[in-house]
Amino acid sequence: MRWEELTGDQFGQAVAQSEGVCLLPLSCIERHGHHAPLGTDMFIAREVCNRAAALEPVVIFPDFIFTQILEARHVAGTIAIDPDLILHLLDNVCREIARNGLKKIVIVNAHGGNNALVPYFQQSQLVSARDYVVYLASRSNFATDHAGPTETSAMLVIRPDLVHMEHVPTDGEGEALGRMNHLLDKGAMTGIWWYGDHPTHYAGNAASATAAQGEELLSGAAQALVEAIRAIKADTTAKRLQDKFYAAGVNHQRT
Ligand SMILES: [Zn+2]
């Protein structure tokens, strides 16, 4: 059940049918090489959520594209939101989802640039009491690939009309340049590492992408998400422990 497609009158029933679970698909708008659309992550997150919802009743929040992508500010089409605003907006959206009765919010992240942000956001929930839980469904392969064979294969299923395989480079453009390896090899890193490796914001080699591979990846991701949703529906421990934790923080009980 897509949030934006429900009427206000239908909403209460959707909350009940979904057992209070809402998927929050995270993505961003960023360059995906020469061949794939700026909204690749958005299309993939939406597709995985839609497929999961067809198998297990759940409400899906509209595409949330305002996430961490500062490392692609130098290339055309990127929407890079200020870091503090991202956290504030995400928190505000979660509070709004919960206010509407969906107390189990499941982040489904399709963008690798959020792999550090999401756990930090979850940890930040501990700052003050809330009547809902923010879960992260297992990270899919899609959040570890950038315009390479995984994402490109998925797009060949979802929107083949937007994929230009004839523009996939043949000169190794997607290979990591390793310009920061002198530090990374010693366990030291900087925020410019991604640009150091991939200045054209393309990683890997999408030439081997196929729709058949994409179908396998999407159905696998949807199935894994369904299993996570079922476990989350059954979970009562996270909320109970959160409540106990918040109360202890106020009363300084030894629990
Ligand atoms: Zn992507």
Side-chain angles (χ1 to χ4, degrees), residues 23-52 60-81 83 86 90 107-119 121 136-165 167-169 173-177 191-211 213-222 224-225:
L23 302 184
L24 178 53
L26 293 200
S27 59
C28 75
I29 302 297
E30 58 167 333
R31 178 181 174 85
H32 276 76
H34 301 279
H35 65 286
L38 297 164
T40 292
D41 294 8
M42 183 195 76
F43 286 111
I44 291 173
R46 187 193 293 169
E47 178 75 9
V48 171
C49 288
N50 283 345
R51 285 178 180 227
I60 307 170
F61 193 81
D63 308 311
F64 189 98
I65 58 168
F66 300 121
T67 67
Q68 195 300 115
I69 187 53
L70 292 165
E71 63 273 31
R73 286 187 80 198
H74 65 302
V75 283
T78 300
I79 306 289
I81 300 298
I86 293 171
L90 200 47
I107 291 177
V108 179
N109 176 40
H111 170 51
N114 291 336
N115 286 346
L117 172 80
V118 178
F121 174 68
L136 168 63
S138 62
R139 295 173 206 173
S140 69
N141 293 334
F142 297 114
T144 56
D145 182 77
H146 181 71
T150 301
E151 288 191 330
T152 304
S153 294
M155 286 306 293
L156 286 172
V157 175
I158 304 167
R159 286 294 302 271
D161 57 313
L162 301 180
V163 183
H164 310 280
M165 290 304 287
H167 294 155
V168 172
E173 182 186 314
E175 285 168 25
L177 296 183
I192 202 71
W193 72 272
W194 175 264
Y195 178 80
D197 274 349
H198 303 290
T200 65
H201 214 57
Y202 170 53
N205 184 352
S208 64
T210 62
Q213 236 179 305
E215 180 54 41
E216 201 175 313
L217 288 162
L218 287 167
S219 62
L225 181 53

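Both ligands and their constituent atoms are indexed starting at 1 by order of listing. Everything numeric here is computed off the predicted structure, so don't read it as measured data.
The six-membered or imidazole ring of H34 lies away from that of H164, with a centre-to-centre distance of 6.0 Å or more.
More than 12 heavy atoms of other residues, nucleotides or ligands shown are found within 6.0 angstrom of CD on E215.
Put simply, H32 gets within reach of the Zn ion (ligand 1), with an N, O or S atom under 2.8 Å from it. In summary, an N, O or S atom of E151 is located under 2.8 Å from the Zn ion (ligand 1).
Of all the N, O or S atoms in D41, the one closest to the Zn ion (ligand 1) is OD1.
Summarising the geometry of D63 relative to R46, their closest heavy-atom pair is OD2-NH2, 2.7 Å, with the distance given to 0.1 Å. Looking at every heavy atom in both residues, S27 comes nearest to H111 through CA-CB, 4.1 Å.
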